[in-house]
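Throughout, protein chains are lettered first and strands after them, A, B, ... in sequence-line order, and every chain is numbered starting at 1. For clarity, every value in this text was computed on a predicted model and none was experimentally measured. What's counted below: heavy atoms across the whole structure, side chains too, no hydrogens, waters or symmetry copies.
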Amino acid sequence: MSETAVEARETRKVYGQGAAAVTALGGVSLAIRKGEFFTLLGPSGCGKTTLLKLIAGFESPTAGQILLHGSDITFDPPNTRPVNTVFQSYALFPHLTVAENIGFGPKMQGRPKAEIAETVKRMLALVRMEQMADRKPGQLSGGQQQRVALARALAPAPKVLLLDEPLSALDLKLRKEMQIELKRLQVETGITFIFVTHDQEEALTMSDRIGVMQAGRLLQVGDPRAIYTRPANRFVASFIGESNFLHGTLRGNEMTLDAGPVLPVEKGDNAPAAGPVTAAIRPEQIRIAAGGGIPAKVRDTVYFGTDTHCVATLSDGTEITVRLQSPVSGDVGLHPGSDVHLRFEPGALIVLPEET
Amino acid sequence: MAERSSFDISRLPGFATVAVTVFVLLYLPIAMLVVFSFNAGDSVAIWEGFSFRWYPEAWQNEEVKDVTFRSLKIATAAALISTTVATMAALGTTRRRATRGQTFVYVMINQPLMVPEIVTGVALLIFFSTIKVATGYQGLGYLILAHSAFCIPFAYLPIRARLEGMDLTLETAASDLYANRWQTFRHVTLPLVAPGAVAGLMLAFVTSLDDVVITLFVKSAGQDTLPTYMLAQIRRSVSAEVNAISTLLLLLTVVLLTAFFLLTRKRS
């Protein structure tokens with residue numbers, strides 16, 4: 001038995017024909033493991049929702065294959081796939097009660113009535129909506145509708161649950177609650193979750209693994225820590241969290257910055273051996289010191305509550321953002337124009353591969 | 001003061017006078033018709049005491065019975081045909097992404113609302129007489145077809161209003177939840193459209209029931225409907241019988257329109 005839940009093989013999707021053709025997905029290969037919380041992360045239009053639709057069966061790929069638990073489902077209609085979706089708009093049936101909505105899947109599967117009733121009861125308890133069983137979706141709040149949509153998609157016990165930006169319509173506080181709730185549901189049910197979002201923080205906090213997408217291509221797949229600490233390229237480094245980019249020349253494990261100083265570096269995947277390179281460093285990895293390190297001049301400080309960001313310029317004009325913890329009282333004591341030194345641990349500066 | 005600055009049309013001078021005048025003009029003639037349908041005498045202008053005599057009298061008139069049943073037959077058939085067509089049109093124009101030329105399709109479907117009835121009447125007269133010559137068929141079919149045609153927009157509008165703005169992914173969600181095409185239609189699309197379709201059916205029925213202009217052009221000899229019969233009666237002599245029939249028609253319309261209102265009002 002394979003340990004792969006969903007596999008995409010060289011999957012391409014092109015909309016339109018001839019000159020008007022738009023490539024939504026350009027030959028993506030990806031294996032999602034059984035029982036994992038996998039997130040497809042990328043800006044809008046990157047192809048993440050297209051990939052989800054291909055897995056659900058709402059669209060057919062132009063080329064390539066989709067496999068579910070090892071069997072080819074590329075051209076199976078959606079109603080024969082043991083895969084369910086939580087839609088961005090929830091798509092709850094407005095003429096049915098909460099209980100009838102949740103029972104819809106098992107009913108269409110032809111399960112016996114007693115079993116459906118038992119499933120509905122279990123699902124209502126799972127999403128803590130027992131009190132709302134007889135309400136219509138129109139009488140529920142956004143967060144409640146979200147729970148019903150989840151319960152409805154989980155009720156037929158799918159092999160894979162697809163979630164298409166389900167939290168995007170909720171306000172910040174509710175979204176945080178639902179993130180925890182979703183993770184709990186995934187652990188309790190053991191079902192493979194494929195979650196689509198453009199929110200990098202959501203992806204980092206919930207996922208077992210993340211696939212970062214841009215312009216129809218899969219750029220990097222890895223666990224949140226790997227994606228954050230060892231971004232595969234400049235796009236990943238800037239889309240997930242914030243990054244500073246430094247340009248210079250690489251020789252061995254040392255990099256001579258265009259601004260002058262020579263620094264030890266960590267080589268990312270596919271980084272070149274030598275020559276002109278770009279390296280990334282996170283704002284929170286940099287400390288401000290009285291001496292040593294890279295000389296810089298403070299341009300501005302911005303107060304963010306728990307953090308204060310200090311923007312400093314190097315001698316060649318490169319801007320570097322440093323994230324400092326705000327002191328208990330007063331400001332960080334840095335004023336525009338003052339000279340500082342920037343320091344960081346060896347290994348914090350990652351050499352990125354050349355842009356293709 | 002904030003209350004002063006906010007504009008409220010009901011505070012304009014003469015607002016109450018205009019409103020009351022309009023309602024009186026609208027309903028006074030109808031009220032008089034209803035009152036005089038209970039007149040004991042023959043006159044429709046002089047009150048001679050209360051009586052129910054015109055109701056049984058109208059009912060015993062074989063001609064009235066005949067035209068009433070013909071009208072009901074035509075209205076029922078036309079309402080069913082036009083609502084079926086309008087339901088399909090509404091599904092086709094709302095349960096999908098908006099496309100180019102959508103407005104043109106709306107205009108085409110609602111064409112009978114814009115084209116003067118007299119034009120439609122003449123056009124149908126010429127069109128149907130060609131068919132009559134070719135086939136020799138003289139029956140009620142022509143009236144039913146004509147009524148179905150001009151009832152389509154009346155049936156279409158409430159159905160479209162009902163479906164407009166409903167989530168387009170509902171059918172996708174049903175197919176995701178293991179429903180095949182027929183089950184999706186049966187359990188999702190049909191229940192969503194049903195209240196609109198019933199409302200459209202009633203509106204089309206009422207519209208067909210009181211049509212005069214197109215019916216006059218299309219009907220063959222001996223195919224009088226209730227409205228055209230009443231028109232002919234009034235031309236000859238004003239009969240109090242017509243008042244009674246009108247009152248009953250009014251009652252039927254009020255009942256149907258109340259039901260229509262209850263069906264189409266927004267659920268709280």
| For A:L162, is it the side chain, the backbone, both, or neither that has a heavy atom closer than 4.5 Å to a heavy atom of chain B? | neither
| Leading residue by heavy atom contact count with chain B [cutoff under 4.5 Å; candidates A:Q109, A:K107, A:Q88] | A:Q109
| Engaged part of A:K136 at the chain B interface, taking heavy atoms whose separation is under 4.5 Å | neither
| query | Salt bridge between A:E130 and A:K121, side-chain N to carboxylate O under 4.0 Å? | reply | no
| query | Any side-chain heavy-atom pair from A:L40 and A:L30 closer than 4.5 angstrom? | reply | yes
| message | Using heavy-atom distances under 4.5 Å, tell me whether A:F93 contacts chain B through its side chain, its backbone, both, or neither. | response | both
| query | Any ion pair linking A:R175 and A:D199 (charged N to carboxylate O, less than 4.0 Å)? | reply | yes
| field | chain A contacts, top residue of B:P191, B:A173, B:P195 (heavy-atom pairs, under 4.5 Å) | value | B:A173
| field | Identified side chain to side chain contact (heavy atoms under 4.5 Å, CB included) counterpart of A:I66 within the set A:D76, A:D72, A:V83, A:T11 | value | A:T11
| field | Closest-packed option against chain B by number of heavy-atom pairs under 4.5 Å, given A:A149, A:P156, A:P158 | value | A:P156
| query | Taking the six-membered ring of B:Y178 as reference, does the NZ or CZ atom of A:R81 fall below 6.0 Å from its centre and within a 45° cone about the axis? | reply | no
| said: Taking A:E7 first and then A:R9, would you say they form a salt bridge - that is, a charged N and a carboxylate O separated by under 4.0 Å? | reply: yes
| query | So what's closer than 4.5 Å to chain B heavy atoms on A:R152: side chain, backbone, both or neither? | reply | both
